[in-house]
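Working notes, structure below.
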Amino acid sequence: MAVSQFSAAISTGRSEALLTRSGLLVGGLGSRGSKSKVLLMRTWISRPVTVRRSFSVNSVSSDSNKTLKDPITQEDAASIASSIKYHAEFTPLFSPERFELPKAFFATAQSVRDALIINWNATYDYYEKMNVKQAYYLSMEFLQGRALLNAIGNLELTGAYAEALRNLGHKLEHVAIQEPDAALGNGGLGRLASCFLDSLATLNYPAWGYGLRYKYGLFKQRITKDGQEEVAEDWLEMGNPWEIVRNDVSYPVKFYGKVASGSDGKRHWIGGEDIKAVACDVPIPGYKTKTTINLRLWSTKAPSEDFDLHAFNAGEHTKAYEALANAEKICYILYPGDESMEGQVLRLKQQYTLCSASLQDIIARFERRSGANVRWEEFPEKVAVQMNDTHPTLCIPELMRILIDLKGLSWKEAWNITQRTVAYTNHTVLPEALEKWSLELMQKLLPRHVEIIEMIDEELIHTIVSEYDTADYELLEKKLKEMRILENVDLPPAIADLFVKLKPKESPVVVPSEELENSEDAVEPIDEENGSEKKVTQETKMELPEPEPIDEENGSEKKVTQETKMELPEPEPVPEPPKRVHMANLCVVGGHAVNGVAEIHSEIVKDEVFNAFFKLWPEKFQNKTNGVTPRRWIHFCNPELSKIVTDWIGSEDWVLSTEKLAELRKFTDNEDLQTQWRAAKRNNKLKVVSFLKERTGYSVSPDAMFDIQVKRIHEYKRQLLNILGIVYRYKKMKEMSVAERKSKFVPRVCIFGGKAFSTYVQAKRIVKFITDVGATVNHDPEIGDLLKVVFVPDYNVSVAELLIPASELSQHISTAGMEASGTSNMKFAMNGCILIGTLDGANVEIRQEVGVENFFLFGAKAHEIAGLRKQRAEGKFVPDPRFEEVKEFVRSGVFGSYNYDELIGSLEGNEGFGCADYFLVGKDFPSYIECQEKVDEAYQDQKRWTRMSILNTAGSYKFSSDRTIHEYAKDIWNIEPVKLL
C-alpha cells in the first residue's frame, strides 16, 4: 500500500517539481483552479525565499503570553506530505523503487530540517546583527537521543506529520523508531548537556553547544553468555539527516612541534603535526518559539596533500594513509581506552581539538561582529564559555595562547579576559575523574600550553605565599601541595629560595661533655687545622671517617677492601613521583565561577574537594542543581500521563512552567485521578512487556512491580548492592512454601540497564553477575512471575524513554557523598516513579520536594563514610549475618560455574586495593533489604502507592532544566533571553 500511494503521487509531479525547485514554474502553477499536490509542494519549498525576517528583542518574562504566528506551524498535512515526497525523490539516500520505513524516516527528517533551517538562520541573523552576549557550552558528550519526535513536538507539528505519513502509508511511530540514537555520549554528563540545549532554545537564550562528532560512539553493548561485549556504534552508517557539514568553517589544530622566540620577542609554536577541524551543525529547536540554536560538532581530517601518493604506488599503503588516519581517528571513539600511552595521547588530542577549534570559532565570531574596531577588553561582555567538567580545561591555556601569541595582548590583559570569560562545572568527587595528565606527555603534545600553565602555576604560588603567613612553614607547604596546578614539580627558583630560608633548621645534636668524658669508647677527634682536640658537634661528626669494621670471626680489626664494600646491599632507589598537571585546579584558578550540581555536592566541593580554594576565593563557588527537560522527559515520552496532568491542572502551561505541577497535590486522593493514573502506568508497562520480549526473549507480567536501575555501571552506583538484594530475596523465596511466598512477596520485574566501560573489569563482572542471576531466576518454575531479572542490552536515551514512563520503583543507591547529582532520578520522579535511595546527590532535594514519606530512604550518611572506612581498616566492622549468608549462596554455584571470588572478594578484607568494601555494600546491605520490605508493604496498598506516585510528579517541578538554565544565565553567564517576533 505504501509503495503504490507514494509512487502514484511522485509520478504525477516529478518534472513539475524539478522545475519548481529551480524556480521556473512559480508563475505558471499559480492558477486559481489548480489543486495538484505539486502546487502544495511548490508552496512548501518556496517558503525560504518568501519568509520575512523582521526582528526585535523582547524580554521573555515580560511577553510570556504572546502567541507566535509561525507560518511553519500552520502547514497542513498535504503540504508536509509533498515535502516528504520531494525529499524522497530529489535528496535521496535510497533507490527510487520503494518507500519503505528507512527511506520514509530520512525523507521526513529532511522535511523537518527544512522547517528548522528557516528559524535557525533567522535566529543567527538576529544574533549577528545585534551582537548580543552569547554563552558557549563545551562538552565532550551530548547524549541527544532521537531527534524526530522532539523536533516536530517542539514545532507543534506532531499531528500534521502523523497525518501526512498516514496518507503516505506509514505510521509516525514506526517511522520514528528507524532513527538511531546519536552516539555522542554515554551517561548523565551528556544527557544533561542535551537537556540544557533544549532549555536554552526554549527560553530564548543566545547560546551554542560545542562537541565532537564521534563516528563510532562509545560502543554498542551486546550481552552474551560471557557478559558484556563491545562493538562499534553504527549510527552514521546511513548518514545523519539532521547535520549540515560546513565545509567553509574549518580551523587548523596543531600537535607536537616546538616553541621558539621570534625576532619580535613573541613565542611561536612551530613545526609538528597539523590537522583540520571541520564544523558539522545540528539545529536545536525550542518549544513553542522560533528560537533554534546550534550544536556544532567537530570532525577531524588531514588535507589531501598529506596522502603520500608516492608511498601508495610503492605498495606502502599504510604509510601512505598514516597522516590522514592519525587525523581522522581523533573523532572515532568517545573515551578511547587510556591504559596505553597511545590511548592517553588520543584522549588529550580529543580534548585539545574540542577546545582549540571551538575557541577559534568563538573568537572569529567575536571579531566579525565587532567589525573594524575590535576591543578585546569587551570579549567577556560578549562571550561566556562554560566547561562541562574537566575535559575542556585546555580552553584556559588555549585562550591565553591565542590572545597573547596571535592577537598581541599582554599576559596581564589576556589573563584578565580569560578569567572573566571561562567558568567550570564540577561533576564528580571521584579522584580518578578529576583529571591529572602526565606533564611529560603534555610537554610533547602541547609545548606552548605547558609554558602557559607553568606561568599560571607560578602566579598561583605567589598568590598563596602572599595570602598565608610565611612564618608558618608547614601551613604554606600544605597549601601549595593541595592547590598547585603542577604536581611534584620543583618550585620556581625565587620561591624555592624563600622556602630554604623559611624551613626550620634542625637543632645541632651536641653530646653533653660529661657523657663524653665518662664514656669508655669516647675518642676525641683531632682538629687537624689547629692540631688540637675539639668537641664533636653534628657538623663535625659528618666529617669523620667510618670506623674500621670488626672481623667477628677472628676478633680483630681489618681493612675494608673494595671487594668487601661491594658485597654490602645497596639501598633501593626511591622512585620519583610522577609530574602531573592537575586539570581541576587549573579550572578553579582560570575561571570566574565554579559550581556543583546539587546542594549536597556543592557543599562537598567547598568543604572537601576544593576547600583550600574556597577559603581563598569563596565568591567563586556556587550551586546549580541539575534539571531535565520536561518536554522530552514527560510531555513527549509519556503522552498519556501528560494529558492527564494537563486535564487536571487545566492547561498545558506546566510544560514551560513546571511549578504548576505542584497543583496536582490538590487532587492526590481523588479516585478518578488515581484510576486514570494507574491506567496510564499500566499502558506504559504493557509497552515495556513487548519491548523486553523482543529485545531479551524474557516474558514478564505487567501486574508485577517494575523495579528499575538504569545508569552507567560503576561500583559507586552499587548495582552490586541491588543484585545482591535480589539474590537474598530469591534465596528466601526458595526457602518458603508456595503460599508463604505469595503472601510475603510482591511480584517484581527487576530491570537493569547501562554500559560498563570496556576496560573496567569489575564493572563488567557486575554485568555478568546480573545476567547470570537472571538466567537462573527467570527459568525457575517454582518462582514464576514472582521474580524476574532482566538486563536490557545497549541502554540509551530511546530505551529510557520507554522504561521510565513504565517504572514504579527506581533505584538510586550510590554510596552517600559519591554521586554529584544524578538526573535519571529526576526523570523517574517526574513520571510518577517512587525512588529508593541514599541521601546522595539530588536525592536529598528530591526527597525534600516530594515529601519524606514518599521516598524510601536507607543507608549511611555522607558525613559518616570516612569514619566507617576507618573503622573497616581497623578491623572493627562486623558484617550482618544476612550479608554473609547471601555471599555464601553466590559462592555455592547456584548461578552457574563462573568464578565470582574476585567480585565477592572486593567486599571482604579490611584494607588494600580492590577489597575492603570501599563502597560500603556490606555496611548498607541490612538497611537496604529492610527498606525493600517497606516497599513491598506500600505496594500492596495500591491507593497509597498511587498517592505517592502523584506526589512524586507534583514535587518534581523544581527539577526542570529550565530553572537550572535561568540560574546559569543570571549568576554565571550574565546573558539575557531574546525573542524573535
Side-chain angles (χ1 to χ4, degrees), residues 21-22 45 48-49 87 90-93 106-107 109-125 127-128 134 136 138 142 144 147 182-184 197 208-217 235-255 273-285 292-309 320-333 349-350 352-369 398 402 406:
R21 189 65 167 178
S22 64
I45 293 166
V49 179
H87 282 291
F90 299 114
T91 53
L93 293 167
F106 272 87
Q110 286 160 339
S111 82
V112 176
R113 192 182 73 174
D114 285 350
L116 296 180
I117 286 173
I118 297 169
N119 287 343
W120 197 14
N121 290 339
T123 300
Y124 283 95
D125 280 353
Y127 293 163
E128 287 285 318
Q134 194 164 323
Y136 299 97
L138 272 65
F142 286 93
Q144 293 288 94
L184 298 171
L197 293 185
W208 272 19
Y210 280 106
L212 296 181
R213 182 183 181 269
Y214 304 106
K215 186 174 182 179
Y216 301 115
W235 75 288
L236 289 173
E237 200 110 317
M238 305 281 285
N240 179 4
W242 303 107
E243 72 180 9
I244 296 178
V245 178
R246 307 290 193 188
N247 288 308
D248 59 330
V249 180
S250 65
Y251 298 96
V253 179
K254 182 185 289 293
F255 306 109
E273 172 188 321
D274 295 294
I275 66 157
K276 192 159 67 167
V278 180
C280 300
D281 288 350
V282 179
I284 309 294
T292 302
I293 65 172
N294 193 35
L295 171 58
R296 176 156 283 179
L297 303 170
W298 300 107
S299 64
T300 48
K301 65 180 186 178
S304 298
E305 56 263 28
D306 285 358
F307 180 76
D308 189 339
L309 196 59
Y321 188 71
E322 186 176 9
L324 280 68
N326 284 337
E328 290 171 7
K329 73 181 181 183
I330 291 172
C331 291
Y332 273 177
I333 300 290
K349 280 185 171 184
Q350 286 184 334
Y352 179 60
T353 298
L354 170 64
C355 296
S356 181
S358 301
L359 282 171
Q360 288 182 72
D361 196 42
I362 291 165
I363 288 169
R365 189 170 302 109
F366 170 75
E367 290 179 312
R368 185 175 65 248
R369 291 179 181 179
E398 175 67 358
I402 293 172
L406 304 183

Item to check | salt bridge (charged side-chain N to carboxylate O under 4.0 Å, His left out) partners of E328, counting only residues at least two apart | outcome: none
Checklist entry - For Y216, which residues count as a side-chain hydrogen bond (donor to acceptor under 3.5 Å, both in side chains) partner, sequence neighbours excluded? => result none
Item to check | Non-hydrogen atoms of S299 and C331 that approach each other most closely | outcome: CA-SG, 4.1 Å
Checklist outcome for this item: Interatomic distance, OH@Y210 vs CD1@I362, rounded to 0.5 Å, equals 4.5 Å
Checklist entry - Who pairs with R113 by side-chain hydrogen bond (donor to acceptor under 3.5 Å, both in side chains), at least two apart in sequence or on another chain? => result none
Checklist entry - Mind checking what makes side-chain hydrogen bond (donor to acceptor under 3.5 Å, both in side chains) contact with Y332, not counting sequence neighbours? => result none
Next on the checklist: To the closest 0.5 Å, what do you measure between CG (L197) and CG (L295)?
Outcome noted: 6.0 Å
Next on the checklist: Nearest 0.5 Å, please: how far is CD1 in I363 from CD1 in I402?
Outcome noted: 4.0 Å
Next on the checklist: Working to the nearest 0.5 angstrom, can you tell me the gap between D114 CG and H87 NE2?
Outcome noted: 3.5 Å
Item to check | Residues F255, T353; criterion side chain to side chain contact (heavy atoms under 4.5 Å, CB included); working and verdict | outcome: CA-CA 10 Å; F255 306 109; T353 298; 3.6 Å; yes
Next on the checklist: Does V253 form a side chain to side chain contact (heavy atoms under 4.5 Å, CB included) with T300? I'd like the steps, not just the answer.
Outcome noted: CA-CA 9 Å; V253 179; T300 48; over 6 Å; no
Item to check | Minimal non-hydrogen separation, A302 against A323, with atom names | outcome: CB-O, 3.9 Å
Item to check | Those residues that, when tested against F106, pass ring-ring contact (aromatic ring centres under 6.0 Å, His included) (two or more places apart) | outcome: F94
Item to check | Min side-chain heavy-atom separation I117-I244 under 4.5 Å | outcome: yes
Checklist entry - Do you know the tightest heavy-atom contact between Q350 and I333? => result NE2-O, 2.6 Å
Checklist entry - Would you call S356 and Y251 a side-chain contact if the rule is heavy atoms closer than 4.5 Å? => result no
Item to check | Working for side chain to side chain contact (heavy atoms under 4.5 Å, CB included), residues Y214 and L297 | outcome: CA-CA 9 Å; Y214 304 106; L297 303 170; over 6 Å; no
Next on the checklist: For E305, I'd like to know if atom CD has over 12 heavy atoms of other residues, nucleotides or ligands within 6.0 Å.
Outcome noted: yes
Next on the checklist: Taking P252's backbone N and O only, do any of them form a donor-acceptor pair with Q360's side chain (distance below 3.5 Å, no angle check)?
Outcome noted: yes
Item to check | By ring-ring contact (aromatic ring centres under 6.0 Å, His included) - contacts of F366 (at least two apart) | outcome: W376, F379
Checklist entry - For N240, what residues pass the side-chain hydrogen bond (donor to acceptor under 3.5 Å, both in side chains) criterion, not counting sequence neighbours? => result none
Checklist entry - Looking only at heavy atoms, which two atoms of L354 and L138 are closest? And how far apart? => result O-CD2, 4.4 Å
Checklist entry - By side-chain contact (heavy atoms from CB on, under 4.5 Å), which residues pair with P283, not counting sequence neighbours? => result L116, W120, T292
Item to check | Residue pair V278, K301: steps toward the side chain to side chain contact (heavy atoms under 4.5 Å, CB included) verdict | outcome: CA-CA 8 Å; V278 180; K301 65 180 186 178; 3.6 Å; yes
Item to check | Those residues that, when tested against D248, pass side-chain contact (heavy atoms from CB on, under 4.5 Å) (two or more places apart) | outcome: R246
Next on the checklist: K215: which residues meet the salt bridge (charged side-chain N to carboxylate O under 4.0 Å, His left out) condition with it, sequence neighbours left out?
Outcome noted: none
Item to check | I293 side chain near Y124 side chain, heavy-atom distance below 4.5 Å | outcome: yes
Checklist outcome for this item: Closest heavy-atom pair, A182 versus W235, reported as atoms and distance to 0.1 Å, is CA-CE3, 3.5 Å
Next on the checklist: So Q144 and I284, do their side chains get closer than 4.5 Å, heavy atoms only?
Outcome noted: yes
Checklist entry - Is the shortest heavy-atom distance from the side chain of V249 to the side chain of D281 under 4.5 Å? => result no
Item to check | For E273, salt bridge (charged side-chain N to carboxylate O under 4.0 Å, His left out) partners two or more places apart | outcome: K349
Checklist entry - Looking at K254 and D274, what are the two nearest heavy atoms and their distance? => result NZ-OD1, 3.0 Å
Next on the checklist: Which residues pass the salt bridge (charged side-chain N to carboxylate O under 4.0 Å, His left out) test with D361, not counting sequence neighbours?
Outcome noted: R296, R365
Next on the checklist: Distance check, rounded to the nearest 0.5 Å: Q110 atom CD versus T91 atom OG1?
Outcome noted: 3.5 Å
